[in-house]
Amino acid sequence: MHHLRTALLGVCLLSPLGAHAYSVYVSSEKDNSITVVDGETLEVRQVVPVGQRPRGIALSKDGESLYVCTSDEDHIEVLDLKSLKVDHTLPSGPDPELLALGPQGRFLYVANEDDNMVTVVDVDKRTKVIEIQVGVEPEGMGVSPDGKWLVNTSETTNMAHFIDLSTHEVVGNVLVDQRPRVAQFTPDSRQVWVSSEIGGTVSVIDVAKREKVHVITFAIPGMRKELIQPVGIRITDDGSRAFIALGPAARVAVVDTKTFEVEKYLLVGQRVWNLAFAPDQSRMFTTNGVSNDMSVVDMERLKVLKSIPVGRLPWGVVVGP
Amino acid sequence: MNPAMSRSSDWIRILASLSLILSIGLVRAEPLSIPIGLISAERAEYIPLSSLEPRIEDEGLEGARQGILDNNTTGRFTGQSFDLLPVTLTSDQSPSDVVRDLIQRGVRLFLVDLPAADLLELADLPEAGDALLFNIGAMDDDLRTQGCRSNLLHTVPSRAMRADALAQYLAWKRWMRWFLVVGPLPEDRAFGAAIERAAKRFGAKIVVQKPWTFKAGASRTDSGHFNEQQLANSFTQVEDYDILLVADEADAFGAYLNYRTYRPRPIGGTQGLVATAWSGVTEQWGATQFQRRFLERTGRFMTPRDYAAWLAVRSIGEAATRTQTGEVSRLRQYLLGPDFKLAAFKGVPLSFRDWNGQMRQPILIVSPRILVSVSPQEGFLHQFSTLDTLGYDRPETECSIR
């Protein structure tokens with residue numbers, strides 16, 4: 001992240017005046033496209049066609065490409081961000097849904113929902129390295145910033161599987177609430193936060209002990225409990241705040257990472273799914289699957305600035321050059 | 001693949017899972033074995049109405065097997081192993097004898113796919129007092145209103161739940177004038193009664209009600225359609241209505257009415273627009289993967305009965321995982337308690353009603369090819385759970401099994 005920010009800063013300095021500072025990339029599950037939005041002006045710059053059912057997306061280490069899980073194509077497409085054309089594909093195993101890039105930028109870790117596997121892909125050699133057996137319907141993928149751990153969640157097994165990245169072996173499993181969707185490490189790699197969509201909670205797991213240290217619950221006045229379905233999680237670079245997308249509740253919870261208290265619920269679009277921060281963390285972008293738009297949040301004032309229509313069923317969101 | 005090879009690949013798999021277990025470390029040496037019985041009866045030979053539909057002989061069983069596979073993937077990590085013991089009763093076998101025998105062999109958890117009378121006979125066995133039975137087949141409303149038993153849970157929705165789910169959707173559509181056609185079987189009359197109850201609850205009007213007394217089903221006769229075409233046309237010459245609701249649980253004639261009614265009106269109920277616990281058409285909330293897993297393993301789509309069996313096995317698995325026990329009294333307590341939540345590809349957690357043991361769940365509204373809607377519909381409110389707007393609510397039953 002640090003390198004990325006330095007790199008982005010470099011890009012900004014070299015860019016001529018008036019050029020956009022950064023872009024927001026949103027995958028649209030139904031339109032089979034990636035929508036590119038200017039992060040400053042919030043104008044849609046381009047809609048790029050990709051393969052069938054794009055969901056999880058990740059930025060390459062050098063910031064030059066976007067890895068796209070095109071689930072129904074059973075592979076990953078690599079979108080060149082200069083030409084905005086699909087440059088090549090990577091093997092992924094069947095039905096890739098979510099992916100995470102290792103800190104070195106060499107290995108991609110892909111959840112294959114259909115065959116209970118996590119596939120490790122070498123992005124340079126463009127080959128599969130290994131497949132790791134996990135629980136039923138692997139979904140969430142989180143890599144620790146220190147590069148030691150991959151945590152995968154399995155939706156039906158209801159577990160967070162700890163995979164040692166030096167051996168690619170499952171060395172621990174922590175039971176969490178029902179239908180875990182996303183695993184997000186804190187910047188210091190000490191905790192991993194796991195959202196449980198049907199359980200309605202976020203489990204905070206101590207990485208060293210591999211134990212739950214806290215379970216965060218949510219309550220919104222007038223909102224039926226079963227509509228509160230935590231999915232996407234982002235934690236600020238300074239580690240002070242976590243933002244948790246609550247799905248059909250159309251809210252993002254702002255959580256103090258020390259006390260685990262919810263400070264505020266931000267009203268965004270319907271079925272808010274995934275979240276991404278601007279490079280300087282001044283803004284947050286949310287994909288809203290049912291209202292087919294992206295909400296832009298002012299991070300300082302904790303206010304929703306604007307909603308931008310993007311493709312149908314927006315799913316993943318990342319920020320890049 | 002020759003047998004020796006398949007054995008060796010089995011060994012590789014066993015070794016692999018062993019090494020996984022060893023590497024995890026938290027698993028007890030001997031996994032805790034949790035046996036689950038499945039009691040069903042041999043069904044009379046059944047020929048599907050449409051030649052497009054497969055003849056299914058393992059309905060329920062395959063759903064249970066899928067649940068066992070799912071439970072055991074979790075069990076691999078938690079040191080629990082679930083085994084299914086299916087028994088298909090022949091006509092000369094008594095269900096009680098079979099269950100008594102299984103209880104003697106240590107089985108306490110049962111999935112039962114039998115008519116209501118047999119189900120209650122099993123629940124009332126003195127030996128079954130500390131057992132837990134899951135009804136996966138009987139939709140009778142009586143079982144949820146008067147015939148409750150403390151050792152009996154229902155994962156299959158009642159007729160009232162399905163009728164209410166359909167009625168809510170029709171209320172949302174403002175299709176409030178119904179033409180009800182009820183078949184000749186007791187099950188048809190029971191579903192017809194559930195539709196009548198739903199009409200009262202949601203403010204619809206049954207403008208005409210007629211019993212179906214004809215024998216349909218000439219689809220295999222040359223020019224057999226002439227008969228149905230004439231019959232349906234004259235049978236449906238009634239005063240105007242919004243939708244024809246048919247109660248034909250045996251799937252004997254309802255489908256013949258579609259497109260053949262005197263007025264150009266849609267059909268729902270047991271055919272046409274159907275309220276069901278499960279259908280091959282649903283792909284929402286991660287169901288795509290679930291359906292694909294089932295289809296690849298069995299070569300067919302999952303039926304509502306399979307789904308009820310899967311729900312029962314997964315409920316057992318979820319309770320055993322959370323309580324770390326196979327002890328029935330603790331599982332039962334957890335299943336009926338406030339913490340039990342089952343993720344079951346319907347977008348919200350499923351749980352059990354603690355007054356009558358019915359699993360509360362959203363009901364799918366489907367056409368033969370696509371998902372039309374899911375009930376409860378927006379706006380039908382409830383003080384505790386909107387899912388309790390479907391079926392018999394706490395004040396409406398005499399039951400209290402908690």
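Just so it is clear: chains get the letters A, B, ... in the order the sequence lines come, proteins before strands, and each one is counted from 1.
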**Q** So, applying side-chain hydrogen bond (donor to acceptor under 3.5 Å, both in side chains) with S71(A), which one of E29(A), R55(A), Q52(A) is it?
**A** R55(A)
**Q** Heavy-atom distances under 4.5 Å only: say whether E155(A) touches chain B with side chain, backbone, both or neither.
**A** neither
**Q** Select, from R179(A), Q229(A), E226(A), the one with the greatest count of heavy-atom pairs under 4.5 Å involving chain B.
**A** R179(A)
**Q** In terms of heavy-atom pairs under 4.5 Å with chain B, which of E97(A), H161(A), E197(A) leads?
**A** H161(A)
**Q** Please state whether the side chain, the backbone, both or neither of L381(B) comes within less than 4.5 Å of a heavy atom of chain A.
**A** neither
**Q** Distance from I228(A) atom CD1 to F218(A) atom CZ, nearest 0.5 Å?
**A** 8.5 Å
**Q** Quick check against the 3.5 Å criterion: does S373(B) have a side-chain atom that pairs as donor or acceptor with the backbone of I365(B)?
**A** no
**Q** Let me see the working for E296(B) and R292(B) under salt bridge (charged side-chain N to carboxylate O under 4.0 Å, His left out), right down to the final yes or no.
**A** CA-CA 6 Å; E296(B) 273 169 21; R292(B) 231 182 261 175; 5.7 Å; no
**Q** Do the side-chain N and O atoms of D306(B) and Q66(B) include a donor-acceptor pair separated by under 3.5 angstrom?
**A** no
**Q** Determine, stepwise, if the pair R201(B) / D164(B) fulfils salt bridge (charged side-chain N to carboxylate O under 4.0 Å, His left out).
**A** CA-CA 8 Å; R201(B) 272 161 81 88; D164(B) 289 350; 3.3 Å; yes
**Q** Within residues 343-356 of chain B, which residues come under 4.5 Å of chain A, heavy atom to heavy atom?
**A** A343(B), F345(B), G347(B), V348(B), P349(B)
**Q** Taking the side chain as C-beta and beyond, is there a heavy-atom pair between L111(B) and T155(B) under 4.5 Å?
**A** no
**Q** Cation-pi between R297(B) and F294(B): NZ/CZ under 6.0 Å from ring centre and within 45° of the ring axis?
**A** yes
